[in-house]
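Working notes for the structure below.
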Amino acid sequence: MQILPESEVAALFDRVVEAQVPGRRGLAAWRSLLRAHASLLRRLDTDLEQETGLALADFDVLAQLAQAHGALRMTELADRALISRSGMSRRVARLVDEGLLRRDRAGTDGRGVVVALTKAGITRLGETAPVHARGISELFVAQLDDQELALLERALNKVIVDCSFG
């Protein structure tokens, strides 16, 4: 494998990008989307953890279950939370150990696993949801007017792709 001098790396990268994205159309928007996503998630995670002791990813699991009326099959929970099934298994195991979730066998065949909120999980969600919702309101919603929010929603809905993780 050939290692290029530093002075040539940027030029090589630019050529590759130009070949795949003619005229660099949309790249500034793409970079803004990535920066906004990363910075908002970091800030929401930091604020939630500092104020409540719960990580954003753990909150997301609790919130996904709440939105599904308290329980989901493990595979569906992993798809909704957009993390791998193995990553979800570890996260769920920890939240079960903390008493926030419970695992049950799914249906009569017993092959699937259903994850459900416990009373402690519901209580924890009730304590953390206001902090998270306030962060969304202040950091995202308040920065945009109604027209911008509607336009952003329509635009982003056009580029959603299947993210089923294995």
Side-chain angles (χ1 to χ4, degrees), residues 1-68 72-98 100-101 113 115 124-125 128-166:
M1 179 160 121
Q2 178 185 356
I3 298 179
L4 296 173
E6 289 180 26
S7 60
E8 294 181 31
V9 174
L12 172 64
F13 182 73
D14 286 342
R15 285 193 305 276
V16 170
V17 169
E18 181 63 36
Q20 298 302 315
V21 186
R24 301 184 184 298
R25 181 178 180 269
L27 285 183
W30 174 249
R31 283 192 287 278
S32 291
L33 173 66
L34 291 179
R35 280 194 311 274
H37 177 265
S39 63
L40 286 169
L41 286 184
R42 275 195 301 262
R43 177 72 182 274
L44 289 168
D45 185 43
T46 299
D47 291 352
L48 188 67
E49 198 147 6
Q50 284 179 346
E51 290 189 45
T52 71
L54 190 69
L56 183 59
D58 293 341
F59 172 83
D60 186 43
V61 170
L62 301 180
Q64 293 297 334
L65 290 168
Q67 291 171 343
L72 284 169
R73 291 177 79 90
M74 182 70 107
T75 54
E76 189 175 356
L77 178 58
D79 287 343
R80 286 184 182 206
L82 302 178
I83 64 173
S84 70
R85 289 191 178 119
S86 62
M88 181 58 73
S89 294
R90 289 187 298 274
R91 186 167 302 283
V92 165
R94 193 173 39 69
L95 293 171
V96 167
D97 289 345
E98 292 176 18
L100 302 178
L101 303 178
V113 174
V115 179
R124 190 78 166 109
L125 183 62
T128 56
V131 173
H132 182 64
R134 183 179 66 240
I136 292 169
S137 179
E138 292 173 359
L139 299 170
F140 180 73
V141 177
Q143 307 307 313
L144 304 166
D145 64 33
D146 289 343
Q147 185 178 2
E148 289 168 323
L149 288 167
L151 178 63
L152 183 59
E153 180 181 2
R154 281 193 310 276
L156 292 175
N157 281 335
K158 289 181 177 182
V159 296
I160 293 173
V161 296
D162 180 20
C163 290
S164 299
F165 293 94

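Along the sequence shown, residues carry numbers from 1. Just so you know, these numbers come straight off a predicted model, no measurement behind them.
Scanning all heavy atoms of the two residues, the minimum distance from Leu101 to Val115 falls at CD1-CG1, 3.7 Å. Closest approach of Met74 and Ser89 over heavy atoms only: CE-CA, 3.9 Å. Residues Leu72 and Gln64 come closest through the heavy atom pair CD1-O, 4.0 Å. Among all heavy-atom pairs drawn from Ala63 and Leu125, the shortest one is N-CD1, 4.0 Å.
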Sequence neighbours left out, cut at 3.5 Å: what donor-acceptor pairs do the side chains of residues 20-30 make with other protein atoms?
none

Ignoring hydrogens and angles, write down the donor-acceptor pairs under 3.5 Å from the side chains of residues 137-156, residues two or more places apart or on other chains.
unit_1: Gln143; atom_1: NE2; unit_2: Glu138; atom_2: O; d: 2.9
unit_1: Asp145; atom_1: OD1; unit_2: Gln147; atom_2: N; d: 3.1
unit_1: Asp145; atom_1: OD1; unit_2: Glu148; atom_2: N; d: 2.7
unit_1: Glu148; atom_1: OE1; unit_2: Asp145; atom_2: N; d: 2.8

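A distance of 9.0 Å separates CG of Leu65 from CG of Leu95, quoted to the nearest 0.5 Å. Here the CG atom belonging to Asp60 is positioned 9.5 Å from the CG atom belonging to Leu41, to the nearest 0.5 angstrom. Rounded to the nearest 0.5 angstrom, Leu54 CG and Asp45 CG are separated by 9.0 Å. Atom CD of residue Gln67 and atom CZ of residue Arg80 lie 7.5 Å apart, to the nearest 0.5 angstrom.
The one candidate from Arg43, Glu49, Gln50 that meets the side-chain contact (heavy atoms from CB on, under 4.5 Å) condition with Thr46 is Gln50.
Proximity of Thr75 to Met88: side-chain heavy atoms (C-beta onward) are nowhere separated by under 4.5 Å. By the 4.5 Å heavy-atom criterion applied to side chains, Leu56 and His132 are counted as neighbours. Two residues are said to be in side-chain contact when any heavy atoms from C-beta on lie closer than 4.5 Å; Arg15 and Leu12 meet this criterion.
Residues Arg94 and Asp58 are paired through a salt bridge, judged by an N-O separation under 4.0 Å between the basic side chain and the carboxylate.
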